[in-house]
Peer 1: 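Sharing a structure below in structure tokens format, with a few things to ask.
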Amino acid sequence: MAYFALLALMTLPVLFPIPRTADLVNHWARLTVLAMPVSDPLNAFYRVEWGVIPNLGIDLIYMLLASLLSVETIVRLAFILSFWLPAIGIWLLHRAWAQKPSPTMLIVPVLSYNLVTTVGLVNYGIGIGIALIALAWWAGNERRRIVRDLLILNAAAVVLFFCHLMALAGFCIIFGLLEATPRCGESFRATFLRARDLLRPNGARGFLHYFRARRHRAAESRSGRHSCALCSLRFMSPLHWC
């Protein structure tokens, strides 16, 4: 409760006329231009061209909610999401790893808030929050289903591509580190081989082999034996789709 109480306290600056952030005003101005009617004379100075490009997090939120909310409300909502989502993602990831919450977790809401207010990066905050929530789901999900997991991971990668490229990169790196971490009872050689093969461009074949190996290892762990798994990270990356 203290964790979310502190996170709620960090939300109070959203009530200010202009929340203190490094780049929120820039996003606000851009969305105001997008919301201008066609007859507005300022349209003579701007041209909107949509395309498959990254770092459109707050713009996509605007496109989804423009008919329901004002530009100001959408900007304030994006500001809240930019530090609430990372804090929630870290909380869920911590719960997937640890049975009891650690007191050091109380620093996370403060750090999450400071990232947005001092550096800016609203789109990055939203993206890395989604990435951490997806990683928490992956870490806490013991039962692997190939089709479902591929759909969820690739959908998360596509969303992260449009939110912020650095959020997508962080998602891929943390995912790789999770899978390169030694398993219980796993030898150093097996860990090294799994980490090495993680970097190979094996494509769908390697990824499907990875899921089969995960199932096989889960069955063996119940009988007291262990094995390693191989996977390819490139199959999840949407960077070649643009």
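By convention here, the first residue in the shown sequence is residue 1. Just so you know, these numbers come straight off a predicted model, no measurement behind them.
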Peer 1: Once side-chain hydrogen bond (donor to acceptor under 3.5 Å, both in side chains) is applied, what residue pairs with a partner in residues 161-177 remain, sequence neighbours excluded?
Peer 2: none
Peer 1: Taking side chain to side chain contact (heavy atoms under 4.5 Å, CB included) as the test, write out the residues that go with I107, two or more places apart.
Peer 2: L111
Peer 1: Output the rest of the hydrophobic cluster of L151: all Ile, Leu, Val, Met, Phe, Trp and Tyr residues reachable through side-chain heavy-atom contacts under 4.5 Å, sorted by chain and number.
Peer 2: V147
Peer 1: What closest approach, in Å, do L153 and W138 show between heavy atoms, and which atom pair accounts for it?
Peer 2: CD1-CZ3, 3.6 Å
Peer 1: Using the side-chain hydrogen bond (donor to acceptor under 3.5 Å, both in side chains) rule, collect all pairs that involve residues 68-81, keeping only residues at least two apart or in two chains.
Peer 2: S70-T73, E72-R76
Peer 1: N55 and L165: which non-hydrogen atoms are nearest, and at how many Å?
Peer 2: OD1-N, 3.0 Å
Peer 1: Compare every heavy atom of I53 with every heavy atom of F161, then report the nearest pair and how far apart it is.
Peer 2: CE2-C, 4.1 Å
Peer 1: Please check if the number of heavy atoms outside M166 that lie under 6.0 Å from its CE is greater than 12.
Peer 2: no
Peer 1: With R30, which residues qualify under side chain to side chain donor-acceptor pair (under 3.5 Å), at least two apart?
Peer 2: H27, D59
Peer 1: Residues two or more places apart in sequence or in another chain: which of them pass side chain to side chain donor-acceptor pair (under 3.5 Å) with T104?
Peer 2: S102
Peer 1: Of the options V108, I126, L115, I128, which is the one that meets P86 in a side-chain contact (heavy atoms from CB on, under 4.5 Å)?
Peer 2: I128
Peer 1: How many angstroms lie between atom CD1 of I58 and atom SG of C163, to the nearest 0.5 angstrom?
Peer 2: 11.0 Å
Peer 1: Side chains of L77 and I74: closer than 4.5 Å at any heavy-atom pair?
Peer 2: no
Peer 1: Which side-chain N or O atoms in residues 35-47 pair as donor and acceptor under 3.5 Å with protein atoms at least two apart or in another chain?
Peer 2:
| residue | atom | partner | partner atom | Å |
| --- | --- | --- | --- | --- |
| D40 | OD1 | L42 | N | 2.9 |
| N43 | ND2 | P37 | O | 2.5 |
| N43 | ND2 | V38 | O | 3.2 |
| N43 | ND2 | D40 | O | 3.4 |
| R47 | NE | E49 | OE2 | 2.6 |
| R47 | NH2 | E49 | OE2 | 3.3 |

Peer 1: Side chains of V116 and L121: does their closest heavy-atom pair fall under 4.5 Å?
Peer 2: no
Peer 1: Got a sec, which pairs hit ring-ring contact (aromatic ring centres under 6.0 Å, His included) with one end in residues 68-95, sequence neighbours left out?
Peer 2: Y3-W91, F4-W91, F79-F83, F83-Y113
Peer 1: Could you pull out all residues at least two apart from L93 that satisfy side chain to side chain contact (heavy atoms under 4.5 Å, CB included)?
Peer 2: W97, L132, L135, A136, A139
Peer 1: For residues L168 and A157, report the shortest heavy-atom separation together with the two atoms involved.
Peer 2: CD1-O, 3.8 Å
Peer 1: Roughly how far, to the nearest 0.5 Å, is the CD1 atom of I133 from the CZ atom of F171?
Peer 2: 12.0 Å
Peer 1: Considering residues at least two apart in sequence or located in another chain, which fulfil the side chain to side chain contact (heavy atoms under 4.5 Å, CB included) criterion with L60?
Peer 2: L56, F162
